[in-house]
Amino acid sequence: MIKTLSLALSLSCCTILQAQKSDNWPQPAGPNGNWMIKTEAKVPTEFSVTTGKNVLWTAELPEGGQSGITVWEDTIFLTVMSPIFEVKEGQPIKGANVLALCIDAKDGKILWERELKGSAQSEYMYGFSDSSTPGPVTDGKNVWFYNASGNLSCFDFKGNLIWERTWNPVEELDGVHFPFNKQFEPFLTKDLVINMETYWKKDGERVHGWNYLYGIDKKTGEQRWISEDGLTHYNTPIMSTTLEGKQAALIGRGGHHDVPETPVGYSLIDLDNGNRIWKYDADEGLALYNATWNEDYAVWYTEKECVVHLVDSKSGKLQRKVSLTANADVRMYDTAQGSYTLQNNVDIQKDLGINVFPAWFTNIIVEDKLYFLCFKSGNYRKNIGPDYTMARVDLKSGKAEYLQLPVQVSYKGGTKSYIWNQELTTETINSRGLDVSNDKRSRRDGWHWNFNGNPIVVNGKIYFTTMLGVVYCIDTTTDVFDESALISLNDLGPKGKSWSVNTPSYANGKLYHRTLKQLICIGEK
């Protein structure tokens, strides 16, 4: 259903160029749609909310949320769940509505807020996403806010509603709740805003829904096309440009809990009309990853097979499979010695008895090198790892390198130190002192069985956040993936008191980040 109040202003090529020139962050995946940006500005690589280092301001949020942070000049847009003021013991903490926030980038003051009502309830602070997960997008004139519970609304920068579109997402299928294992992130292309919506089909007496990309006219909210192929709600599509210069999005199918969209694999979708350019049917793997691709290849990810597939991005044909375990260098930190040890050219499966399970949504490619965090062993999956490591896999040579990272940062007597090899937890307390999570999995450390926020890359440096509210800064330019690649580990608040499954954003010389409690502006002091 669409309610049209007036016309939104159009997105032109000029606004896209302006976004890149002025270092704005107009959508969750940044100005280029690939979670990366290059800038001439000086960007902070070390910061601490605990000590105040390079923190320009913090602002209390009315409730927790999981959306990305969109920035245009001096204006910030994000979403939170609608605020809770009372938690009753034994009752589920759920809601279907979100708050769209417009915030002054100079000091964090809320300029206006609007409620987007939804039709399907989600848990608050769920470690696998909630209603607020999809981030807003903007063209510098208007802003489009999303509620995964079934609402897409367009506002001008003063908060006037232009149009509202609602739909019915898949709320429950065979006892499994949807769409709140969801990582779709929206984007703008030409005069369209792209959404993921459920298309309902009747199969005999049974009504079921598949998810598709929808091309929505950004001026009116009218549907222009539905993608030829479906995608699982687990998948994060990535927008890029084909060798012929055509804007396209890579979408994936396949996931846990018997998601209905088939066949498992990728489709490359033409963003002018929603048509399929090609389809790749995979013989293994699932789509719980960022659908990374470029002019040469797309990368399909697997959970237990310990390989990635390189798929020709022109034809959709399999080029080859790259092992994540053979011929690997593994650097683990020895806490007794206070230094790293190296296992060189080992086969992680055969020599160490470990399978590599890339952590969901942590994957990003920089200069033909694939980076991801590794899930560690736990109750659900045994013999995976190496524990607390980040991987760098050269997709050309096949060389894999694993570097163990500290889990948390600590300050004692003014001295900064790292905590290694410890399974930690953090609380889910909002800014009013209420515990707003029912699910114990939402209090993990981010290294086993949850969805962390997407990594971003600024000037060749990866910024990645775990649920503990810590942010790693990783240098992608080192010849060897050793301790020199770990630039810093930074905190978004005190140990055990900070919770985040969010993605940082970069804009105009500053990093913006958020926790359950706060919005944070980071810059060189």
Side-chain angles (χ1 to χ4, degrees), residues 28 61-68 78-88 90-101 113-136 145-153 164-186 195-198 200 209 211 231-236 255-257 259-260 288 360-361 428-431 434-444 449-454 467 499-503 514-517:
L61 291 171
E63 190 53 85
Q66 301 190 26
S67 82
L78 56 86
T79 55
V80 299
M81 297 296 292
S82 289
I84 288 178
F85 297 95
E86 182 183 10
V87 174
K88 295 182 180 180
Q91 291 190 7
I93 306 170
K94 291 186 176 182
N97 302 336
V98 305
L99 282 186
L101 301 181
E113 61 182 52
R114 302 289 184 267
E115 188 171 53
L116 274 64
K117 294 185 180 299
S119 59
Q121 289 195 334
S122 79
E123 293 187 22
Y124 277 56
M125 301 307 100
Y126 186 41
F128 302 91
S129 78
D130 61 23
S131 299
S132 70
T133 297
F145 284 99
Y146 290 73
N147 178 349
S149 289
N151 189 306
L152 168 60
S153 292
E164 180 184 49
R165 176 184 177 88
T166 60
W167 70 94
N168 294 317
V170 178
E171 187 170 5
E172 186 168 329
L173 182 67
D174 296 332
V176 178
H177 293 278
F178 298 105
F180 307 110
N181 286 320
K182 180 178 187 300
Q183 286 291 314
F184 171 78
E185 292 287 11
N195 194 20
M196 185 190 78
E197 298 181 16
T198 304
W200 293 91
N211 293 300
L231 74 158
T232 172
H233 54 269
Y234 287 113
N235 182 245
T236 301
H256 299 283
H257 304 299
V259 293
L288 281 76
W360 300 315
F361 309 107
T428 49
I429 306 296
N430 70 7
S431 58
L434 299 175
D435 191 338
V436 287
S437 175
N438 288 310
D439 197 317
K440 63 182 181 181
R441 294 174 297 178
S442 296
R443 301 178 186 90
R444 290 173 172 164
W449 229 243
N450 73 280
F451 295 167
N452 293 301
N454 301 72
M467 187 179 280
W499 187 95
S500 181
V501 290
N502 297 97
T503 296
R514 59 184 294 190
T515 65
L516 191 158
K517 299 176 183 178

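The first residue of the sequence shown is numbered 1, and numbering continues consecutively from there. Note that the structure is a prediction, hence the values are computed from the model and not measured.
- Relative ring orientation between Phe451 and Tyr234 is described as perpendicular, the plane-to-plane angle rising above 60° on a 0-90° scale split at 30° and 60°.
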>> Apply side-chain contact (heavy atoms from CB on, under 4.5 Å) to residues Trp167 and Leu152 and explain how you reach the verdict.
In response: CA-CA 9 Å; Trp167 70 94; Leu152 168 60; 3.9 Å; yes
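- Taken from CH2 in Trp360 to CH2 in Trp449, the straight-line distance is 3.5 Å, to the nearest 0.5 Å.
- Rounded to the nearest 0.5 angstrom, Ser149 OG and Met81 CE are separated by 6.5 Å.
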> Is there a side-chain contact (heavy atoms from CB on, under 4.5 Å) between Asn430 and Met125 once you walk through the steps?
Replying inline: CA-CA 10 Å; Asn430 70 7; Met125 301 307 100; over 6 Å; no
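- One finds the OG1 atom of Thr236 at 9.0 Å from the CZ atom of Phe184 (value rounded to the nearest 0.5 Å).
- Remark: Glu86 CD to Gln91 CD distance equals 8.5 Å, nearest 0.5 Å.
- A side-chain N or O of Thr428 and one of Asp435 form a donor-acceptor pair less than 3.5 Å apart.
- Each of Leu116, Thr79, Leu99 was evaluated against Asn147; a single residue qualifies, Leu116, per the side chain to side chain contact (heavy atoms under 4.5 Å, CB included) test.
- Taking CD of Gln66 as the reference point, atom OG of Ser500 lies at 9.0 Å (rounded to 0.5 Å).
- Checked against side-chain contact (heavy atoms from CB on, under 4.5 Å), Asn438 has the following partners two or more places apart in sequence or in another chain: Pro92, Ile93, Glu123.
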> Going through the checks in order, is the side-chain contact (heavy atoms from CB on, under 4.5 Å) test met by Thr503 and Glu185?
Replying inline: CA-CA 11 Å; Thr503 296; Glu185 292 287 11; 5.7 Å; no
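- Ser67 approaches Ser132 most closely through the heavy-atom pair CB-O, 3.1 Å.
- Not one N or O on the side chain of Ser119 forms a donor-acceptor pair closer than 3.5 Å with the backbone of Asn168.
- By the 4.5 Å heavy-atom criterion applied to side chains, Leu288 and His256 are counted as neighbours.
- Between Lys117 and Asn97, the closest heavy-atom pair is CA-OD1, 3.1 Å.
- For the 3.5 Å distance criterion, the side chains of Ser131 and Ser122 qualify, holding a donor opposite an acceptor.
- Under the side-chain contact (heavy atoms from CB on, under 4.5 Å) criterion, Lys440 pairs with Arg443, sequence neighbours left out.
- Within the 4.5 Å cutoff, side-chain heavy atoms of Tyr124 are placed close to those of Ser82.
- Residues Pro62 and Val80 share a closest heavy-atom pair of CG-CG2, 4.1 Å.
- Between Leu61 atom CG and Lys517 atom NZ the span is 11.5 Å, to the nearest 0.5 Å.
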> So Met467 and Trp499, side-chain contact (heavy atoms from CB on, under 4.5 Å) or not? Walk me through it.
Replying inline: CA-CA 6 Å; Met467 187 179 280; Trp499 187 95; 3.5 Å; yes
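- Of all heavy-atom pairs between Gly135 and Pro28, the closest is CA-CG, 3.8 Å.
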